[in-house]
Amino acid sequence: MSNEFLPFSRPSISQAAIDEVVDCLKSGWITTGPRVAKFTEALQTYFDAPYVLPLMSATTGLHLALLAMNLEPGDEVITTPLTFAATLNTIVLAGGKPVLVDIDPHTLNMDMNLLEAAITDRTRVLLPVHFAGLPVDLDPLYQLAKHRGLRVLEDAAHAIGTEYKGKRIGSFGDTQVFSFHPNKNMTTGEGGCIVTRDAQLAEQVARLRFHGVDRQAWNRYGKSGNQDYEIVLPGYKSNMTDIQAAIGIHQLNELPGFIARRNELADRYHEALSDWLQWTLPKRPDFEHLHSWHIYTPLINAEVAGMDRDAFISAMKDKNVGTGLHYRAVHLYPYYRQAFGFNEGDFPLAENVCERIVSLPLFPLMTDAEHDKVLDVMYTVFNENKTI
Ligand SMILES: *Cc1c(COP(=O)(O)O)cnc(C)c1O
């Protein structure tokens, strides 16, 4: 097979989505309009949720949802150190203080046993992240939230298609944010959405995402629309466009197929790598779930492998195989050290994982031959590139 560079992720864009984008461009309406309305309805049906708000990104979704939860300066939001920086950045941008609990080293999700001890009288929101598309154990989390009067905002950026005990993430609970970035389970180019069962939160986000206007633009400019509007607060500009929604409408239909292929590829890695001592493979919890396998993330055992994670990533790249790093520990970035006094050793299990974790190539269009190539190249790298 060819020796072209194999990326760790690549979006699957169908001809139907391309045609819909072209139709949208030719229609004369390219910003928020009928296609966003159609995509919104499709998402409401998919999630069986009363309120879905498509947005420019999941980052803006986390930000606006936290603003709509009315954080006061110093209010605490509890989350995990094993996440993308946006999870913590948006807590700070919304006026909150990020409080972290270490991870369960098996599931790589927030350790439920540490959660209760992290709650103080300033805690307002629990913000779990469904890492890699494996659901957080939500029953005990929601029980705790109810008992302590806390809101729950699920960072479900990895988890469209994930199920917890037979229910889709987004189909129950308080509020969820999904990402449609090109590397995620489905895409709109850039984009995301908030799903909620809280009418007031939905209404507030609808204003915040569009200048603080109480009505959508296409109502104002359409034939039946009313040109007049009120500004009820100083809002942002976070609305999704019809060009994005044109892609999303088709991606959502194709999502079950994407998730099925992601599961096949993850199972294939699992089988092939189960006796490689260089890796500690992802583990699954006992509760019933459907993993969406947004990323397949083994941990390198550097002593056995003869190289650390960074050396592995660079050796793979030299042999034309891209891998991902999800993530470096967020609390150790300069801003978080300086602003909140985080340090090495604060969350030792997450720090250990963040030193060893690698995302192997996994995307629905990946062929079995490409999958075999990744395994072959890894085999070669482990034999040829020992540095320790
Ligand atoms: C990708 C991601 C985000 C941000 O999503 P965008 O749509 O790129 O803004 C937030 N949290 C996590 C865990 C992510 O992986």
Side-chain angles (χ1 to χ4, degrees), residues 8-11 39 43 52-67 77-94 96 98 100-101 103 107-110 125-136 152-162 169-170 175-195 205 208-209 236-241 243-245 247-248 251-252 255 262 282 291-297 323-331 333 336 350 353-354 357-359 362-363:
F8 93 90
S9 179
R10 180 190 281 151
F39 186 40
L43 288 165
V52 177
L53 297 117
L55 299 161
M56 270 290 166
S57 67
T59 301
T60 202
L62 292 166
H63 184 199
L64 300 189
L66 286 165
L67 286 175
V77 178
I78 303 181
T79 191
T80 166
L82 181 58
T83 187
F84 184 50
T87 315
L88 272 77
N89 288 348
T90 50
I91 293 171
V92 178
L93 289 172
L100 304 179
V101 297
I103 58 168
T107 63
L108 308 188
N109 279 328
M110 184 192 262
V125 183
L126 304 180
L127 206 171
V129 178
H130 302 292
F131 184 79
L134 179 69
V136 169
V152 176
L153 177 59
E154 298 169 42
D155 182 337
H158 298 184
I160 193 162
T162 294
I169 296 299
T175 301
Q176 295 78 25
V177 173
F178 295 88
S179 172
F180 305 136
H181 178 276
N183 283 349
K184 298 291 166 47
N185 296 345
M186 60 169 269
T187 189
T188 56
E190 290 280 359
C193 72
I194 295 177
V195 179
V205 167
L208 283 168
R209 77 173 161 183
Y236 295 80
K237 182 69 195 299
S238 307
N239 53 303
M240 179 178 275
T241 69
I243 303 172
Q244 291 170 295
I247 307 170
Q251 288 271 305
L252 188 62
L255 182 65
R262 286 181 175 280
H291 204 316
S292 69
W293 289 112
H294 163 55
I295 41 180
Y296 186 82
T297 56
T323 54
L325 202 180
H326 304 96
Y327 297 94
R328 284 167 61 198
V330 186
H331 65 285
Y333 283 119
Y336 287 98
V353 164
C354 292
I357 200 161
V358 184
S359 302
L362 195 165
F363 50 92

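Indexing begins at 1, ligand by ligand and atom by atom, following the structure's order. From a predicted model like this one, the values you see are computed outputs, not experimental measurements.
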Quick one: closest heavy-atom pair of L108 and I103, and the distance?
-> O-CG2, 3.7 Å

With a 4.0 angstrom cut-off on heavy atoms, strictly below it, pick out the residues next to ligand 1 and order them by chain and number.
-> S57, A58, T59, T83, F84, T87, V129, D155, A157, H158, S179, H181, K184, G191, Y327

Full working for ring pair (Phe, Tyr, Trp, His ring centres under 6.0 Å) between Y296 and F8 = CA-CA 10 Å; Y296 186 82; F8 93 90; over 10 Å; no

Identify the residue among H181, H291, H294 that makes a ring pair (Phe, Tyr, Trp, His ring centres under 6.0 Å) with H158.
-> H294

Test log, rule side-chain contact (heavy atoms from CB on, under 4.5 Å), inputs L153 and L66 | CA-CA 8 Å; L153 177 59; L66 286 165; 3.7 Å; yes

Should the ring pair H63 and Y236 be called parallel, tilted or perpendicular, given that the plane angle runs from 0 to 90° and is split at 30 and 60?
-> perpendicular

Aromatic ring centroids of F131 and F84 under 6.0 Å?
-> no

